[in-house]
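One structure below.
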Amino acid sequence: MTEEVNTWHRLLGMTLTRCRRDRGLTTRAAAIRLGMSPATLNRSENAKRPFELVEVGAALAVYQPSRAERSRVLALAEEPRASGWWAVGGTPQVHDDAVMALEDTARSVTEFSATDIPLLAQTPHYTRALCWNRRGEEQAALTRAGRRRRTLLNPTQPDRVLILDEATLRRPVGGPTAMAQQLRHLLALTRGRPITVRVIPVKEGGYRSPGNCAVYRITDKPTIAHLWSTAASGLLDDPSDTRAIEGSMADLLCIAATPNDSLDLLNRLAADHERTAGLYP
């Protein structure tokens, strides 16, 4: 019986594919070295069949990835093989690695952040301020944010829509000066990159929030959704789950301001923070 292919297999396949390409090997050349047919390797990389653990070990020996990349592959290979992928107790390192793999392969990302600026768009000062009451977490948070920010240097980065609540932009995390710098940074990210910001104005009143979530659409493969909080993180690939999350995102976009109006609002709020900080009269 063929083992069910799911989120775990897909992310492992994506990561090993990146390792192969970084080594400069074609599918055919790699398959010869791994002792399997090109068709079998192609099916495993594209999550048509699961990689066996012995195949993972052989791939690491052939591809010779960096120590960090090797650790990511091994962490993925040790995960339980279940539909979806949940972890309790914050977002573990292995989920961060999985999200990085998704960032490398997605053609588009839609992300909603319920209470703060999305991680890849945070300034270091903003990240530190979020950790003011969580001793020992600051350096880990800065490292995670730095890794996510490097995604923005990828020349083939996906089209990205960031959905934010106006209240998040008004809250002076780190003080008005730091918040003004954060909003100016967010505005700068939208210039020259495939990033669109959509702000849900306070005037829209209440709405149903799906919580922190991101939808990754991957060419010729099923969509994967990521939901997270400080208590748990989940990666979902069941179509019934991802369709529901995509529906929630569509509802948010219906009440969000247009891209141009959102940028105008960001500019006004940045100026408000600057006036509060006394940067100008």
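Computed from a predicted model, the values in this text were never measured in an experiment. We number each residue from 1, following the sequence as shown. What you see below is based on every heavy atom in this structure, not just the backbone, and it leaves out hydrogens, waters and symmetry mates.
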[X] with [Y], same ILVMFWY side-chain cluster at under 4.5 Å:
X	Y	answer
Leu74	Leu34	yes
Ile218	Leu16	yes
Leu189	Val197	yes
Leu187	Ile117	yes
Leu119	Met100	no

For [X] versus [Y], what's the shortest heavy-atom pair and its separation?
X	Y	answer
Thr123	Gln181	CG2-O, 4.3 Å
Ala214	Trp228	N-CZ3, 3.6 Å
Pro172	Pro176	CB-N, 4.1 Å
Ser248	Pro210	CB-CB, 4.0 Å
Met36	Thr40	SD-CG2, 4.1 Å
Ala271	Arg184	N-NH2, 3.9 Å

In sequence, state the C-alpha distance, the side-chain angles, and the governing distance for Leu235 and Leu11, and then conclude on side chain to side chain contact (heavy atoms under 4.5 Å, CB included).
-> CA-CA 10 Å; Leu235 290 160; Leu11 292 168; 3.8 Å; yes
Do any N or O atoms from the side chain of [X] and from the backbone of [Y] form a donor-acceptor pair under 3.5 angstrom?
X	Y	result
Asn46	Asn42	yes
Asp238	Ser240	yes
Thr242	Ala225	no
Asn212	Ala114	yes
Arg10	Pro222	yes
Arg20	Leu25	yes
His273	Ala178	no
Arg149	Gln122	yes
Arg198	Ala257	yes
Tyr207	Ile255	no

May I ask you to check whether over 12 heavy atoms, not counting those of [X], lie within 6.0 Å of atom [atom1]?
X	atom1	answer
His185	NE2	yes
Arg107	CZ	yes
Arg33	CZ	no

Heavy-atom distance under 4.5 Å between the side chains of [X] and [Y], does that happen here?
X	Y	answer
Leu41	Phe51	yes
Thr151	Arg160	yes
Ser113	Leu162	no
Leu164	Leu266	no
Ser209	Phe112	yes
His226	Val99	yes
Gln64	Arg23	yes

Taking atom [atom1] of [X] and atom [atom2] of [Y], what is their separation to the nearest 0.5 Å?
X	Y	atom1	atom2	result
Ile200	Asp251	CD1	CG	10.0 Å
Leu253	Thr258	CG	OG1	12.0 Å
Ile195	Gln157	CD1	CD	5.5 Å
Thr115	Arg171	OG1	CZ	7.0 Å
Leu269	Glu274	CG	CD	11.0 Å
Leu102	Thr223	CG	OG1	10.5 Å

Checking side chain to side chain contact (heavy atoms under 4.5 Å, CB included) for the pair Thr219/Thr105: CA distance, chi angles, key distance, verdict?
-> CA-CA 8 Å; Thr219 303; Thr105 54; over 6 Å; no
So, Glu55 and Arg49, do they make that salt bridge, N to O below 4.0 Å?
-> yes
Are Arg18 and Asp104 ion-paired here, with the side-chain N under 4.0 Å from a carboxylate O?
-> yes
Quick one: do Glu204 and Glu166 satisfy side chain to side chain contact (heavy atoms under 4.5 Å, CB included)? Show the steps, please.
-> CA-CA 10 Å; Glu204 290 294 334; Glu166 181 181 344; over 6 Å; no
Knowing that exactly one of Arg150, Arg147, Arg148 qualifies, which makes a side-chain hydrogen bond (donor to acceptor under 3.5 Å, both in side chains) with Glu103?
-> Arg148
Option among Pro118, Pro194, Pro158 that satisfies the side chain to side chain contact (heavy atoms under 4.5 Å, CB included) test with Val109 |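 The side chain to side chain contact (heavy atoms under 4.5 Å, CB included) with Val109 is passed solely by Pro158 among Pro118, Pro194, Pro158.
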Output, in order, the C-alpha distance, side-chain angles, deciding distance and verdict of side chain to side chain contact (heavy atoms under 4.5 Å, CB included) for Thr196 and Thr190.
-> CA-CA 6 Å; Thr196 302; Thr190 65; over 6 Å; no
Might you work through the side chain to side chain donor-acceptor pair (under 3.5 Å) test for Thr110 and Arg217, ending with a clear yes or no?
-> CA-CA 9 Å; Thr110 303; Arg217 299 176 184 87; 3.2 Å; yes
Are side-chain N/O atoms of Asp165 and Thr168 paired as donor and acceptor at under 3.5 Å?
-> no
